[in-house]
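Notes follow once the structure below has been shown.
Below, read A as the first sequence line, B as the second, and so on, with proteins coming before strands; counting in each chain starts at 1.
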Number of protein chains: 2
Amino acid sequence: MTESKADQPHETVKPRRRQARGERRIQQLLDAAASVFCRAGYTSASTNAIAREAGVSPGTLYQFFPNKEAIAVELGERLNRRMLETHGVFTPENAALPLRELIDAVLDPMIEFNCANPAFLTLLQSSEAPGNFLEEHAAQHDSIQDRIEELIGVRNPELSPERRTHTASMAFALFKAGLGLILGHEGAEREAYVTELKTALYGYLAPVLGTGGAPARP
Amino acid sequence: MTESKADQPHETVKPRRRQARGERRIQQLLDAAASVFCRAGYTSASTNAIAREAGVSPGTLYQFFPNKEAIAVELGERLNRRMLETHGVFTPENAALPLRELIDAVLDPMIEFNCANPAFLTLLQSSEAPGNFLEEHAAQHDSIQDRIEELIGVRNPELSPERRTHTASMAFALFKAGLGLILGHEGAEREAYVTELKTALYGYLAPVLGTGGAPARP
DNA sequence: GAGAAACGCGAGCGGTCGCTCGTGTTTACC
DNA sequence: GGTAAACACGAGCGACCGCTCGCGTTTCTC
């Protein structure tokens, strides 16, 4: 048996120690990847193009990522974490707001984040990718949907689990669809689609969650 | 100047006469392309795979299509035409129905068609394609959206043109999003998402178009 | 300051892709 | 039956892709 270093109990054998320079390179590469993915999509994006955009040789890229898929996975994880953590979006306080304000409180930061990081939607929507990227991808998708489902459960505990899942899926799909329109336009048009999206979500959710503030307990 | 055959007035130089065998091959190839596009997406689909699926050599494929892009364009056009023509969906009679029935009348055939031809949604959503495929693609996208916009205009003539466009875009995006969920599930789950989609569309459109039958004229 | 490890480079390998081309077969038309 | 065009084949070309490898440079550690 290969018993490795003390604090490496399992079979993982990659205790690569990163220098500050390396962390900086990783960030450069992820930024470049976001840009290229956003421009061309995952499949059409080439690792050489990512390296070039980062001002780095292909060999250097592979010092930090084992393959192309790992780049997208890491980028997706970081964006996902940033979106869910930095803004306190799915909070209990928000869940208690009247529906219109709840939608504003949840959507506004999410929309702002996605406008600043358009690669996130690209990854969320990239469906034609080979390998197990799709599985990793689905996991992140679910991590968001779980929050929505949870929020719906708090607002309307009477809802059956199935219905709750369907509502969360539909609401999330609706959000992604609206987000695509929003990112596809600028200025006043963009604002108009933000309003349309909120209108659509309100129209869909009001009958299910009620328009008021506190959870619908008599 | 090269003056070609009598009934070929312009500069087009492709008077290829097709035999019945050729037309059959074209249909085989388009069917195969639909299957492969649906499985892998446009970018990842290989022309060799399409030819193989059609039981044909790569050379034969290129007897009928100048390049990969032309396959997707022709397939998209045929599906688009079939969907808009075969079912009388966006008819004046439908436009006069009460909103719930209008949604049923429009959505049910569209959903059925898309379940039978899942490649259509794949092409509608394929955003990461190079070349001018995207332009051809946008044209078809618009051809559907125009119908929706027209229908909205009939139902509510008071709506400003901008608002009408935004509403049509949002409704179409909402439909595509729901369609993705629907095609991603089967049996009872699929039926549940059909209901969710209709609920969402109703909630979005009711405030804009009214719930009644005739256009909202006092 | 010496050794090790992390970092960096870029030519190029193996493989797949879109597509071609030389050649042979089938069909339409006289 | 003869001939021209349409149809069919499949090996393989050139381009690009993800990724590697040998080797030089910088940084950390003692």
## Note on the structure
Among the nucleotides C:dC7, C:dT20, C:dG10, whichever has the atom closest to the side chain of A:Ser57 is C:dG10
Check residues 34-41 of chain B and write down every donor-acceptor pair under 3.5 Å in which the side-chain atom is one partner and the other belongs to a residue at least two apart or another chain.
{"from": "B:Ser35", "atom 1": "OG", "to": "B:Arg39", "atom 2": "NH2", "distance (Å)": "3.0"}
{"from": "B:Ser35", "atom 1": "OG", "to": "B:Glu53", "atom 2": "OE2", "distance (Å)": "2.7"}
{"from": "B:Arg39", "atom 1": "NH2", "to": "B:Glu53", "atom 2": "OE1", "distance (Å)": "3.0"}
{"from": "B:Arg39", "atom 1": "NH2", "to": "B:Glu53", "atom 2": "OE2", "distance (Å)": "3.3"}

Provide a list of protein-nucleic acid N or O atom pairs under 3.5 angstrom, restricted to nucleotides 27-30 of chain D.
{"from": "D:dT29", "atom 1": "OP1", "to": "A:Arg17", "atom 2": "NH2", "distance (Å)": "3.4"}

### Task
Classify the side chain of A:Asn48 versus the base of D:dC16 as yes if they form a donor-acceptor pair under 3.5 Å and no if they do not.
no
### Query
How many Å lie between CD on B:Glu23 and P on C:dT27, as a whole number?
16 Å
### Query
Does B:Arg18 make a side-chain N or O approach to OP1 or OP2 of D:dA5 shorter than 4.0 Å?
no
## Note on the structure
Result for 5'-nearest mapping on DNA chain D, choosing between B:Gly22 and A:Gln63, is B:Gly22
### Message
Test your reading of the model: is there a side-chain donor-acceptor pair from A:His137 to the backbone of A:Leu124, 3.5 Å cut-off?
### Response
yes
### Task
Measure the distance from CZ on B:Phe133 to P on C:dG18 and round it to the nearest whole Å.
14 Å
### Message
Is it true that A:Thr165 and A:Glu149 share a donor-acceptor pair across their side chains at a distance under 3.5 Å?
### Response
yes
### Query
Tell me: CD1 of B:Ile26 to P of D:dC7, nearest whole Å?
8 Å
#### Entry: Side-chain donor or acceptor of A:Asn94 paired with backbone N/O of A:Val89 under 3.5 Å
yes
### Query
Under 4.0 angstrom, heavy atoms only, what part of the nucleic acid is A:Ala45 near: base, sugar-phosphate, or nothing?
sugar-phosphate
#### Entry: Spacing of CG belonging to B:Leu201 relative to CG belonging to B:Leu107, to within rounding of 0.5 Å
5.5 Å
### Query
So which nucleotide from C:dC9, D:dC19, D:dC7 ends up closest to the side chain of A:Lys68?
D:dC19
### Charged tip of B:Lys68 within 45° of B:Phe65 ring normal and under 6.0 Å
no
### Query
Rounded to the Å, how far apart are A:Leu29 CG and C:dA6 P?
18 Å
### Task
Verify the contact: side-chain N or O of B:Tyr62 to OP1 or OP2 of C:dT20, cut-off strictly under 4.0 Å; return yes or no.
no
Tell me which donor-acceptor pairs under 3.5 Å the side chains of residues 128-136 of chain A have, and how far apart each pair is, sequence neighbours excluded?
{"from": "A:Glu128", "atom 1": "OE2", "to": "B:Thr43", "atom 2": "N", "distance (Å)": "3.3"}
{"from": "A:Glu128", "atom 1": "OE2", "to": "B:Thr43", "atom 2": "OG1", "distance (Å)": "3.2"}

### Message
Applying a 4.0 Å non-hydrogen cut-off, can you work out what A:Ala49 is touching in the nucleic acid: base, sugar-phosphate, or nothing?
### Response
nothing
### Summary
A:Ile50 CD1 to C:dG10 P, in whole Å, measures 18 Å
### Summary
Contacts of B:Thr60 and B:Thr47 projected onto DNA chain C by closest heavy atom; the upstream (5') one is B:Thr47
### Message
Can you tell me which nucleotide in D:dC9, C:dC9, D:dG10 comes closest to the side chain of B:Val56?
### Response
D:dC9
### Query
Among C:dT20, C:dG8, D:dG18, which nucleotide sits nearest the side chain of A:Phe64?
C:dG8
### Query
Expressed in angstrom and rounded to an integer, what is the separation of B:Arg52 atom CZ from D:dC9 atom P?
14 Å
### Query
Whole Å only: how far is the CG atom of A:Leu61 from the C1' atom of D:dC19?
10 Å
### Query
When you match A:Thr43 and B:Arg25 each to their closest nucleotide on DNA chain D, which lands nearer the 5' end?
B:Arg25
### Test item: B:Asn80 side-chain N/O and B:Gly76 main-chain N/O as donor-acceptor pair under 3.5 Å
no
